[in-house]
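Remarks on the structure that follows.
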Amino acid sequence: MIPLELLAPAKDLTCGIAAVDHGADAVYIGAQRFGARAAAGNSVEDIRQLCDYARPYGVKVYVTVNTILYDDELEATEQLIRQLDEVGVDAILVQDMSILRMDLPPIALHASTQTDNRTVEKVRWLRELGFQRVVLARELSASEIAEIHHAVPDMPLEVFVHGALCVSYSGLCYASQYCFGRSANRGACAQFCRMRFDLLDADGQELEHQRHLLSLKDLNQSDHLEELIKAGATSFKIEGRLKDVSYVKNVVAAYSQRLDAFIQKHPDDYCRASKGHCTYTFSPNLNKTFNRGFTTYFLHGRVSAIFSPDTPKAMGEYVGYVKEMRRDSFNVAGTASFANGDGLCYINQERELEGFRVNRAEGNRLYPQQMPRSLRAGMALYRNNDQEFERILSHKSSERKIPLVMRLEATADGFALSAGGIEVSISCEHQQAEKPQRENIVRQLSRLGGTPYECSRVELPEGFNYFIPSSLLAELRRKLVEGTVSEGRRYGLRGSKVRPPRVKGTTSEGRRYGLPYLYNISNRLARDFYEEQGLSDVEPAFEISRPRKEILLMQCRHCLRYSLGCCVKHGGHKPQWHEPLFLRLGDGRRFRLEFDCKNCQMNVYAAD
């Protein structure tokens with residue numbers, strides 16, 4: 001039976017606990033340093049608390065240590081990983097290969113998507129290096145994932161299924177560092193891809209004016225989990241380590257329900273990777289949580305409408321269109337209901353997103369705090385802040401329980417209570433009951449409120465008719481819960497860690513990039529590692545020493561030639577412009593576009 005893992009993000013301990021409560025099988029979280037989201041750091045003590053909370057459910061905790069490292073950070077990184085191992089972390093996500101040369105405890109290593117994992121050769125190489133999981137590039141199709149799985153079947157594959165998309169292959173984006181001195185490989189991305197650009201041709205003709213040409217919609221594979229499972233993926237990752245707790249609750253619950261529904265159809269083949277079932281006080285709805293519109297990206301190959309050129313901001317769910325307007329209000333044609341305080345937005349005639357707050361809602365007639373000047377009848381409306389939905393999520397919105405089948409039996413000197421392989425006992429005198437005791441026994445043993453457990457059934461041997469005081473039944477119940485919790489915490493730690501080997505030159509994959517700075521070598525241990533792998537042309541990472549020649553800043557599967565309908569290879573019309581094309585920021589800086597049709601890829605170069 002194949003266990004399937006829903007992997008949830010945690011900005012902090014509160015989000016991590018919410019992820020567990022709402023159905024995650026694993027949680028990934030950042031420590032105080034060295035994570036690819038510098039603004040989402042957590043103390044080792046908070047991570048320990050998350051591990052303790054997660055263990056009874058069999059939920060794993062992974063920590064991101066996936067930035068590139070500088071020489072003066074190597075000792076601190078090794079010390080951090082040792083601390084994480086001591087508090088019970090199940091694995092760390094890694095980008096910098098210097099970690100393979102550290103003297104580490106036998107903790108599991110996962111190859112972060114920052115290591116650019118998009119080929120069979122790369123995944124096979126990572127397996128040979130001792131990695132126990134690979135996080136695949138977001139850009140891969142179901143067929144490409146299947147190809148990797150069939151070629152390297154013993155390597156567990158993790159795929160992104162929901163959330164924001166980077167336009168560049170992860171780990172190979174230097175635009176933020178080049179423009180603003182903020183390294184994406186150091187967790188400080190300035191979101192260059194969400195900015196506005198003009199698109200110019202070689203003659204200086206402006207083809208597009210101040211549009212978000214590199215800003216992608218958000219990923220949503222909720223309707224395609226079965227395809228990913230059949231392709232060989234076993235861990236399904238939700239992006240969002242900067243998102244708030246309501247995002248975590250809603251998205252985790254939505255995907256947990258989808259995974260459960262799939263498993264119900266295939267109960268002999270698949271199971272969840274953790275224990276327990278959830279009950280919710282709300283109906284999960286992905287449209288109500290932060291999103292820029294949704295795409296399945298390249299799941300089925302290249303498709304149109306994967307980018308969001310009008311805005312990089314959240315639009316939310318479509319709620320109808322403006323039907324009729326008055327001086328201080330308007331009504332909405334649609335079936336949505338509204339509440340005071342709802343946030344609505346629309347694309348104005350200048351193709352820009354505008355938003356406003358509803359001051360008062362009377363049915364489908366809405367009274368904004370201030371009537372938007374650009375709002376017109378017929379415009380589509382979207383709700384990016386649902387007050388009622390957020391109110392529900394601001395309270396306790398889920399309960400996760402592990403069912404226990406309890407069996408109570410008499411022993412030579414008292415009674416024993418067992419469940420799930422745990423047995424506890426008490427010594428007391430046997431007293432025959434004058435009237436049936438089953439109802440009271442079940443009632444006392446089922447009082448598991450405030451614990452991760454619920455009693456699904458109490459089994460008694462045939463003819464069992466002893467009187468047991470309620471206080472003794474309560475003691476048995478308490479001892480069983482303590483033993484089960486303790487065993488659950490040990491359960492998550494058994495057999496999950498392997499010391500990574502020091503591998504020398506096993507494949508040529510260590511020498512794949514033509515431009516040496518793309519290896520992101522930023523410390524002496526990483527340099528030594530790649531030299532062992534056969535890399536002769538060792539150069540420092542972009543962050544340390546900017547290349548002198550023309551600089552490749554991004555490698556993107558998103559292609560503007562295709563998205564603007566001008567890719568003849570995929571049925572578009574022949575463009576009228578003269579290439580090369582250039583992106584231009586508002587401050588005048590330009591970036592040359594190269595269309596690598598052989599690899600179906602768009603490259604972005606620094607031009608000025």
Side-chain angles (χ1 to χ4, degrees), residues 164-165 167 190-200 205-218 220 244 246-247 285-295 304-390 560 563-565 583-588:
L165 289 166
V167 71
Q191 299 212 321
F192 172 87
C193 59
R194 304 297 181 189
M195 296 180 174
R196 295 183 184 188
F197 298 94
D198 299 323
L199 181 64
L200 310 175
Q205 178 184 355
E206 188 174 274
L207 308 174
E208 297 284 344
H209 178 70
Q210 289 296 284
R211 304 195 75 196
H212 303 276
L213 297 171
L214 297 180
S215 182
L216 301 179
K217 294 180 179 179
D218 284 3
N220 182 345
D244 59 21
S246 63
Y247 173 95
N285 185 339
L286 296 173
N287 291 316
K288 290 183 178 293
T289 293
F290 183 101
N291 69 84
R292 301 175 177 88
F294 288 127
T295 176
S304 60
I306 67 171
F307 74 145
S308 178
D310 292 327
T311 179
K313 298 179 181 179
M315 292 183 65
E317 60 177 331
Y318 174 74
V319 291
Y321 66 89
V322 178
K323 186 176 181 180
E324 177 263 339
M325 299 182 61
R326 297 178 185 172
R327 178 184 59 81
D328 61 350
S329 66
F330 63 93
N331 63 5
V332 180
T335 59
S337 58
F338 299 93
N340 298 348
D342 277 355
L344 301 181
C345 59
Y346 60 96
I347 300 294
N348 64 24
Q349 292 175 322
E350 283 71 43
R351 295 195 300 189
E352 296 175 339
L353 187 72
E354 278 197 53
F356 61 93
R357 182 78 64 179
V358 175
N359 188 49
R360 187 171 85 254
E362 296 179 358
N364 68 342
R365 178 155 290 278
L366 307 181
Y367 294 81
Q369 289 179 333
Q370 185 174 353
M371 198 69 175
R373 293 184 178 181
S374 62
L375 190 66
R376 300 287 184 271
M379 284 184 169
L381 283 175
Y382 301 85
R383 176 163 49 197
N384 54 14
N385 190 301
D386 187 321
Q387 283 290 97
E388 179 60 21
F389 193 69
E390 291 296 323
L560 282 173
S563 293
L564 296 175
L583 295 174
R584 182 174 63 191
L585 280 173
D587 62 8

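Since we're looking at a predicted model, the values are computed, not measured.
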Working to the nearest 0.5 angstrom, can you tell me the gap between [X] [atom1] and [Y] [atom2]?
X: I347; Y: D310; atom1: CD1; atom2: CG; result: 4.5 Å
X: N348; Y: C345; atom1: CG; atom2: SG; result: 11.0 Å
X: N220; Y: T295; atom1: CG; atom2: OG1; result: 9.0 Å
X: M195; Y: Q210; atom1: CE; atom2: CD; result: 11.5 Å
X: L564; Y: S304; atom1: CG; atom2: OG; result: 12.0 Å
X: Y346; Y: F356; atom1: OH; atom2: CZ; result: 7.0 Å

Inset, instruction - From the options E206, H209, E208, select the one residue that forms a side chain to side chain donor-acceptor pair (under 3.5 Å) with R584. - result: E206
Donor + acceptor pair across side chains of [X], [Y] (<3.5 Å):
X: R292; Y: S308; answer: no
X: Q387; Y: D342; answer: no
X: E317; Y: Y382; answer: no

Inset, instruction - List the steps, then state whether side chain to side chain contact (heavy atoms under 4.5 Å, CB included) holds for N291 with M315. - result: CA-CA 6 Å; N291 69 84; M315 292 183 65; 5.6 Å; no
Does the side chain of [Y] come within less than 4.5 Å of [X]'s, by heavy atoms?
X: V319; Y: R383; answer: yes
X: N384; Y: L344; answer: no
X: L214; Y: F307; answer: no

Nearest non-hydrogen partners of [X] and [Y], listed with the distance:
X: V332; Y: L366; value: CG2-CD1, 3.7 Å
X: L165; Y: D218; value: CD1-C, 4.4 Å
X: R194; Y: A164; value: NH2-CB, 4.0 Å
X: M325; Y: A377; value: SD-N, 3.6 Å
X: G343; Y: R357; value: N-NH1, 4.0 Å

Inset, instruction - Test ring pair (Phe, Tyr, Trp, His ring centres under 6.0 Å) on Y247 and F290 and set out the steps. - result: CA-CA 7 Å; Y247 173 95; F290 183 101; 7.7 Å; no
Legend entry - Donor-acceptor under 3.5 Å (N331 side chain, E324 main chain):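 Judged by distance alone, yes, a pair lies under 3.5 Å.
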Inset, instruction - Evaluate the criterion side chain to side chain contact (heavy atoms under 4.5 Å, CB included) for residue pair Y321 and L381; output intermediate values, then yes/no. - result: CA-CA 5 Å; Y321 66 89; L381 283 175; over 6 Å; no
Inset, instruction - Give the C-alpha distance, both sets of side-chain angles, the deciding distance and a yes or no for side chain to side chain contact (heavy atoms under 4.5 Å, CB included) between D198 and L583. - result: CA-CA 6 Å; D198 299 323; L583 295 174; over 6 Å; no
Do the side chains of [X] and [Y] get close enough for a salt bridge, i.e. N-O under 4.0 angstrom?
X: R196; Y: E352; value: yes
X: E390; Y: K288; value: no
X: R365; Y: E362; value: no

Inset, instruction - Report the C-alpha distance between F338 and V358 in whole Å, list the side-chain angles of each, state the deciding distance to 0.1 Å, and finish with yes or no for side chain to side chain contact (heavy atoms under 4.5 Å, CB included). - result: CA-CA 9 Å; F338 299 93; V358 175; 5.6 Å; no
Legend entry - Output field: ring centroids F197/F192 closer than 6.0 Å: yes
Inset, instruction - Decide if atom CD of Q370 counts as having more than 12 heavy atoms of other residues, nucleotides or ligands within a radius under 6.0 Å. - result: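 Counting neighbours around CD of Q370, 12 or fewer heavy atoms of other residues, nucleotides or ligands fall under 6.0 Å, so no.
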Inset, instruction - Tell me whether the guanidinium CZ or amine NZ of K217 lies under 6.0 angstrom from the six-membered ring centre of F294 and within 45° of its axis. - result: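 No, cation not above the ring by the 6.0 Å, 45° rule.
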Inset, instruction - Show your working on side-chain hydrogen bond (donor to acceptor under 3.5 Å, both in side chains) between Q349 and S374 and close with a plain yes or no. - result: CA-CA 8 Å; Q349 292 175 322; S374 62; over 6 Å; no
